[in-house]
Structure formats: structure tokens, C-alpha cells
Amino acid sequence: MASLRIREAKEGDCADIIRLIRELAEYEKLSDQVQISEEALRADGFGENPFYHCVVAEILPAQGPQVVGYGLYYFIYSTWKGRNVYLEDIYVMPEHRGQGIGSKIIQKVAQVALAKGCTQLRLAVVDWNKRAMDLYKTLGARDLTEAEGWHSFRFEGEAMRELAGR
């Protein structure tokens with residue numbers, strides 16, 4: 001494998017990040033749900049008060065660097081544990097899997113989390129992605145659905161507008 005670098009994403013990486021977001025959605029069979037644009041990604045992640053942060057995995061072959069994976073995360077707060085980080089997405093292109101790149105992305109996010117005083121790194125995975133679940137468990141994560149019975153919910157679209165009284 002060519003040399004690998006995990007680094008904080010730069011604004012110029014947005015085209016690669018949106019490409020990888022679309023690949024991830026296709027992999028998860030949810031392509032129709034991707035509504036984010038490259039412009040929104042840029043504005044939301046690289047302004048004065050970013051809504052998210054991102055690291056990219058970049059291989060450095062002789063013909064120039066290529067972004068082959070990413071981890072998009074943001075900070076959340078637990079009333080029981082305090083500062084946390086939520087890893088919204090982690091994705092490595094299929095042809096680059098099995099080389100430890102995903103583990104290195106998670107490791108980098110964990111390093112950032114600890115540097116910011118976070119006590120937990122949280123993430124979610126679709127129930128059919130056993131390979132990812134096995135990786136997370138190997139790295140030391142607990143499956144909260146198995147261990148504590150937690151389920152995730154979300155409000156969106158009309159349900160959210162109705163809830164807000166709009």
C-alpha cells in the first residue's frame with residue numbers, strides 16, 4: 001500500500017467528501033436520502049462556527065494524493081457523562097478496506113475527542129453491517145442495543161414541523 005495519512009479535512013476536500021458520502025449512501029442502499037450539496041457541506045463545516053468536523057484518509061501514491069475515506073464527527077453533550085463526540089459517518093472505499101484505514105480514522109477521532117475532554121465516542125451502524133460491528137467491538141466499543149437496550153429515533157420533515165407547531 002502507498003503511504004497513508006489521516007488528517008483534518010480542508011475546505012478543498014469537500015468535493016471528495018461529498019463523493020464519499022454518496023458512495024456510503026449507495027453502500028447502505030439509501031442513495032435517495034442524500035440531500036446535502038457540496039456548497040452546504042462547505043458552509044456548514046468550514047465557517048466561523050462549524051456544525052461538524054471531518055478527518056480524511058489520504059493515500060500518497062506517486063501520481064498524487066487520493067482521498068479514500070473519511071470520518072465526519074461533531075461534539076454532543078451527555079447529561080450523565082459530559083462531553084462526547086459523535087462519529088456520524090465513517091467510510092473507506094471498498095478497494096481500500098481491510099488495510100486498517102477505518103481503524104486509523106476512528107483512532108484519529110478518539111485522539112481529537114480526548115484532547116477536547118470528551119468521555120465517550122459514539123456512533124451508529126445499520127444492523128446488517130456485521131463487518132463494521134465486528135470492527136467496532138474489536139476496537140473496544142460496546143453495542144448499546146445489546147448491552148442496554150437503547151434504540152435510536154429521529155424526527156424529520158413533516159413530523160418535525162408538526163411537532164414544532166408549524
Side-chain angles (χ1 to χ4, degrees), residues 1-76 81-144:
M1 180 173 97
S3 180
L4 174 70
R5 173 173 54 193
I6 308 295
R7 62 170 174 79
E8 249 334 285
K10 300 177 284 203
E11 189 171 351
D13 294 317
C14 285
D16 285 319
I17 295 167
I18 198 76
R19 170 181 55 84
L20 294 171
I21 287 170
R22 289 181 179 130
E23 284 184 27
L24 172 60
E26 187 174 316
Y27 175 74
E28 292 182 340
K29 300 166 184 65
L30 297 169
S31 296
D32 60 317
Q33 295 195 28
V34 177
Q35 297 177 5
I36 192 82
S37 68
E38 184 179 333
E39 294 74 26
L41 195 68
R42 181 174 285 109
D44 291 343
F46 299 94
E48 189 174 318
N49 295 304
F51 277 89
Y52 73 87
H53 304 276
C54 188
V55 295
V56 294
E58 185 175 61
I59 57 171
L60 306 167
Q63 64 268 32
Q66 178 189 8
V67 175
V68 300
Y70 76 103
L72 191 144
Y73 64 95
Y74 45 87
F75 297 99
I76 59 175
K81 302 287 184 174
R83 295 177 184 185
N84 283 221
V85 67
Y86 189 86
L87 183 57
E88 176 72 24
D89 284 354
I90 176 165
Y91 180 75
V92 176
M93 294 170 61
E95 60 270 29
H96 296 284
R97 293 183 189 151
Q99 302 172 47
I101 296 172
S103 296
K104 288 182 173 117
I105 291 171
I106 295 169
Q107 179 183 44
K108 180 68 171 178
V109 173
Q111 290 167 351
V112 170
L114 287 173
K116 295 283 189 180
C118 296
T119 61
Q120 298 178 335
L121 188 162
R122 294 175 168 257
L123 61 116
V125 61
V126 291
D127 62 359
W128 54 262
N129 195 342
K130 182 163 174 28
R131 186 174 177 184
M133 286 189 271
D134 290 344
L135 171 65
Y136 305 149
K137 288 177 183 178
T138 297
L139 293 174
R142 283 186 34 217
D143 182 335
L144 295 180

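One-based numbering along the sequence shown. Predicted, not measured: the structure shown is a model, and the values here were computed from it.
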With His53, which of Tyr86, Phe75, Tyr70 fulfils ring-ring contact (aromatic ring centres under 6.0 Å, His included)?
Phe75

Using side-chain heavy atoms (C-beta onward) and a distance below 4.5 Å, is Val85 in contact with Gln120?
no

Please give me the minimum heavy-atom distance between Pro50 and Gly45, naming the atom from each residue.
CB-O, 3.4 Å

Check: Leu41 main-chain N/O paired with Tyr52 side-chain donor or acceptor under 3.5 Å:
yes

To the nearest 0.5 Å, how far apart are CG in Asp16 and CD in Glu38?
9.0 Å

Can you tell me if Arg97 uses its side chain to pair, donor with acceptor, with the backbone of Val92 under 3.5 Å?
yes

Taking the side chain as C-beta and beyond, is there a heavy-atom pair between Ile6 and Val56 under 4.5 Å?
no

Looking at every non-hydrogen atom in both residues, tell me the closest pair between Gln99 and Glu95 and how far apart they are.
NE2-O, 3.6 Å

Nearest non-hydrogen partners of Phe46 and Cys14, listed with the distance:
CE1-SG, 3.4 Å

Quick one, Leu4 and Lys104 - any side-chain contact, counting heavy atoms below 4.5 Å?
yes

Please walk me through it: do Glu88 and Tyr73 pass side chain to side chain donor-acceptor pair (under 3.5 Å)?
CA-CA 5 Å; Glu88 176 72 24; Tyr73 64 95; over 6 Å; no

Indicate yes or no: at least one non-hydrogen side-chain atom of Arg22 is less than 4.5 angstrom from one of Glu26.
no

Does the side chain of Tyr91 reach to within under 4.5 Å of the side chain of Ile21, using non-hydrogen atoms?
no

Do the non-hydrogen side-chain atoms of Tyr136 and Ile90 ever get within less than 4.5 Å of each other?
yes

What are the two closest non-hydrogen atoms of Ile17 and Cys54, and how far apart are they?
CD1-SG, 3.8 Å

Hey, is the main chain of Gly82 close enough, under 3.5 Å, to the side chain of Asn84 for a donor-acceptor pair?
yes

In short, Pro61 meets Gln66 closest at the heavy-atom pair CD-N, 4.5 Å

Is Arg42 paired with Asp13 through a side-chain N to carboxylate O contact shorter than 4.0 Å?
no

Could you give the side-chain donor-acceptor pairs of residues 123-130 under 3.5 Å, partners two or more places apart or in another chain?
unit_1	atom_1	unit_2	atom_2	d
Asn129	OD1	Ala132	N	3.1
Lys130	NZ	Asp134	OD1	3.1
Lys130	NZ	Asp134	OD2	3.2

Can you tell me if Ser3 uses its side chain to pair, donor with acceptor, with the backbone of Leu60 under 3.5 Å?
no

Minimum-distance pair of heavy atoms, taken over all atoms of Val34 and Ala25
CG2-CB, 3.2 Å

Does the side chain of Ile59 come within less than 4.5 Å of His96's, by heavy atoms?
yes

Count the heavy atoms of every other residue, nucleotide or ligand shown that sit under 6.0 Å from CZ of Arg83, and state whether that count exceeds 12.
no

One should read off an interatomic distance between Leu24 CG and Leu30 CG, to the nearest 0.5 angstrom, of 8.5 Å

Hey, is Glu23 close enough to Arg19 for a salt bridge, meaning N to O under 4.0 Å?
yes

For Arg7 and Val55: C-alpha separation, side-chain torsions, deciding distance, then whether side chain to side chain contact (heavy atoms under 4.5 Å, CB included) applies.
CA-CA 5 Å; Arg7 62 170 174 79; Val55 295; over 6 Å; no

